[in-house]
*Asks:* 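My questions will all concern the structure given below.
As a basis for the values below, the full set of heavy atoms in this structure was taken, side chains included, without hydrogen atoms, waters or symmetry mates. Everything numeric here is computed off the predicted structure, so don't read it as measured data.
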Amino acid sequence: MATIIAIGAVPGLIAGALAIRNNQPIGGAKKGWHVVGYEPDNLSAQGSIVPLLIGRRRLGCVVAGSWGRYVQNITTTVNGKGRKKRKSTGQQVFFERAWHLICVGPAFRLHGIYQGGRPLYVPETPIDSSTTPSGSTITATDGSGDYGRIYWGESDQPIDDELKVHIKDQNGTPIQSRWPFFCHFVWGSKRLGPTPKWDQIEYDIEVLPQGQLLCGSWFDIIGEGGYKPTNGYNHVEALAQLLFCEFPHGLGLTPPVIGE
């Protein structure tokens, strides 16, 4: 029976290496990374683990930074009651940019993005790295106009133009990093609403088992006709990855020689 395994905290070496420190605000303790103008909403999230996913699951994210907040006055026209005329009402709406870490990459497919449980971005067919390579801009399908850039987590994915400006080391030097093996999403513009708070954002993401260690077994991930759609993977395939694949996908143990 196929399964989905999502690991929020894995043993020893993996758990330590996948931890990422939340960014320090300007003027705070000079440790780790910080984002210009960013102050974490939840300091208890520092040291959060980026999940190692095998299969498909709707995941929350680690908010690694936010910047560029601004307010816009939005005017809407509504009908009055009875014989009253239509009237216009104004409301302040907050917008912001942010960096969301989703899971250990490379991820295979994105099926959708949800905000507070509601669909924010749901494509007609799931997108993947072949149709929508890392750095591509995707726009919300709910009519909000929100947009951002997807990075699948390849080792050679491009450097994001905004991250290389806003993410800095303890000395204030911009970090020029591809952030290899981090599947992440950079929001270029996100409408927050009348208060500067983010709803829970979830990513319906799918990751293939790494290494294909059990090719030729009863469960063959890539067979004739290409990828076999499924919501899960063989339990043994997942366990084999965790034990025998190299970091950051596993412990890198030497696999036994079966049959000898």
Side-chain angles (χ1 to χ4, degrees), residues 17-51 59-72 92-107 110 113 115 120-121 132-140 144-193 195-203 205 248:
L18 299 184
I20 181 167
R21 290 169 292 180
N22 266 30
N23 305 309
Q24 300 290 337
I26 294 176
K30 290 187 176 181
K31 297 180 180 179
W33 310 320
H34 70 274
V35 180
V36 175
Y38 169 65
E39 184 170 355
D41 291 327
N42 183 5
L43 297 178
S44 65
Q46 294 189 10
S48 298
I49 301 298
V50 176
L59 295 176
C61 62
V62 174
V63 182
S66 63
W67 60 89
R69 179 181 296 172
Y70 68 94
V71 179
Q72 184 175 348
Q92 285 190 333
V93 177
F94 288 85
F95 294 81
E96 196 166 47
R97 302 180 178 191
W99 180 27
H100 288 180
L101 303 179
I102 304 171
C103 65
V104 177
L110 178 67
I113 304 174
Q115 174 178 283
L120 178 62
Y121 169 74
T132 312
S134 287
S136 298
T137 297
I138 63 175
T139 302
S144 63
D146 296 340
Y147 67 90
R149 298 176 295 281
I150 180 73
Y151 292 86
W152 299 98
E154 304 99 337
S155 60
D156 60 347
Q157 63 188 359
I159 297 174
D160 186 79
D161 288 337
E162 282 197 85
L163 293 185
K164 71 181 182 182
V165 173
H166 293 283
I167 308 300
K168 300 183 179 183
D169 65 16
Q170 60 186 9
N171 298 316
T173 304
I175 299 176
Q176 303 283 325
S177 178
R178 299 180 186 275
W179 303 106
F181 300 118
F182 279 108
C183 175
H184 60 274
F185 195 89
V186 181
W187 285 99
S189 177
K190 179 70 186 71
R191 179 174 177 147
L192 303 183
T195 59
K197 297 291 184 181
W198 286 72
D199 286 336
Q200 182 181 17
I201 303 294
E202 295 177 307
Y203 298 84
I205 198 78

*Asks:* What heavy-atom pair brings Trp198 and Ala98 nearest, and what distance separates the two atoms?
*Replies:*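 Minimum heavy-atom separation between Trp198 and Ala98: CZ2-CB, 3.5 Å.
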
*Asks:* Could you state the interatomic distance from CD1 (Ile159) to CD1 (Ile175), rounded to the nearest 0.5 Å?
*Replies:*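 Here the interatomic distance stands at 11.5 Å.
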
*Asks:* Please list, chain by chain and in numerical order, all residues satisfying ring pair (Phe, Tyr, Trp, His ring centres under 6.0 Å) with Tyr147, sequence neighbours excluded.
*Replies:*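 With sequence neighbours excluded, Tyr147 shows a ring pair (Phe, Tyr, Trp, His ring centres under 6.0 Å) to no residue whatsoever.
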
*Asks:* Locate the shortest heavy-atom distance separating Thr195 from Phe94; write the atom from each residue and the value.
*Replies:*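 Thr195 and Phe94 have their closest heavy atoms at C-CD1, 3.8 Å.
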
*Asks:* For Ile138 and Ile113, run side chain to side chain contact (heavy atoms under 4.5 Å, CB included): C-alpha distance rounded to whole Å, both residues' side-chain angles, the deciding distance at 0.1 Å, then the answer.
*Replies:* CA-CA 11 Å; Ile138 63 175; Ile113 304 174; 4.2 Å; yes

*Asks:* Quick check: closest heavy atoms across Pro158 and Ser134, and the distance to 0.1 Å?
*Replies:*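 The answer is CG-O, 3.5 Å.
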
*Asks:* What is the distance from atom CZ of Arg191 to atom OG of Ser144, rounded to the nearest 0.5 Å?
*Replies:*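 Nearest 0.5 Å value for the CZ-OG distance: 8.0 Å.
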
*Asks:* On a heavy-atom basis, which atom in Val104 and which in Val50 lie closest, and how many Å separate them?
*Replies:*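 Closest heavy-atom pair between Val104 and Val50: N-CG1, 3.9 Å.
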
*Asks:* If you take all heavy atoms of Tyr121 and Thr139, which pair is closest and at what distance?
*Replies:*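 Shortest heavy-atom contact: CD1-O, 3.3 Å.
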
*Asks:* Between atom OG1 of Thr137 and atom CD1 of Ile150, what is the distance when rounded to the nearest 0.5 Å?
*Replies:*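 Here the interatomic distance stands at 11.0 Å.
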
*Asks:* Is there a donor-acceptor pair under 3.5 Å between the side chain of Gln157 and the backbone N or O of Trp179?
*Replies:*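 Yes.
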
*Asks:* Excluding sequence neighbours, so at least two apart, what forms salt bridge (charged side-chain N to carboxylate O under 4.0 Å, His left out) with Glu154?
*Replies:*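 Salt bridge (charged side-chain N to carboxylate O under 4.0 Å, His left out) check on Glu154 returns nothing, list empty.
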
*Asks:* Can you name the salt bridge (charged side-chain N to carboxylate O under 4.0 Å, His left out) partners of Asp161, sequence neighbours left out?
*Replies:*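 By the salt bridge (charged side-chain N to carboxylate O under 4.0 Å, His left out) rule, Asp161 matches Lys164.
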
*Asks:* For the atom pair CD1 (Ile167) and CD (Gln176), what is the distance rounded to the nearest 0.5 Å?
*Replies:*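 Reported to 0.5 Å precision, the distance equals 11.5 Å.
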
*Asks:* Would you call Cys61 and Leu59 a side-chain contact if the rule is heavy atoms closer than 4.5 Å?
*Replies:*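 No, every pair of side-chain atoms sits at 4.5 Å or beyond.
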
*Asks:* So, using salt bridge (charged side-chain N to carboxylate O under 4.0 Å, His left out) as the criterion, who are the partners of Arg149 when residues are at least two apart?
*Replies:*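 Partners of Arg149 by the salt bridge (charged side-chain N to carboxylate O under 4.0 Å, His left out) criterion, ordered by chain and then number, come out as Asp160, Glu162.
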
*Asks:* What I'd like to find out is whether the side chain of Arg178 reaches to under 4.5 Å of the side chain of Tyr151, using heavy atoms alone.
*Replies:*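 Result no, sub-4.5 Å side-chain heavy-atom pair not found.
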
*Asks:* Considering all heavy atoms of both residues, which atom of Ser177 and which atom of Pro180 are nearest to each other, and what is their separation?
*Replies:*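 Between these two residues, the closest heavy atoms are OG-CD, 4.1 Å.
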
*Asks:* Taking only residues two or more places apart in sequence, or in another chain, which ones meet Gln72 in a side-chain contact (heavy atoms from CB on, under 4.5 Å)?
*Replies:*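 If we apply the side-chain contact (heavy atoms from CB on, under 4.5 Å) test to Gln72, skipping adjacent residues, the hits are Tyr70, Ile74, Phe95.
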
*Asks:* Has Trp152 got a side-chain atom pairing as donor or acceptor with Thr132's backbone, closer than 3.5 angstrom?
*Replies:*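 Checking the backbone N and O of Thr132 against the side chain of Trp152, a donor-acceptor pair under 3.5 Å is found.
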
*Asks:* Could you list the donor-acceptor pairs under 3.5 angstrom formed by side chains in residues 183-190, with sequence neighbours left out?
*Replies:*
from	atom 1	to	atom 2	distance (Å)
His184	ND1	Phe182	O	2.9
Trp187	NE1	His100	ND1	3.4
Trp187	NE1	Tyr203	OH	3.0
Lys190	NZ	Gln115	OE1	2.4
Lys190	NZ	Asp146	OD2	3.1

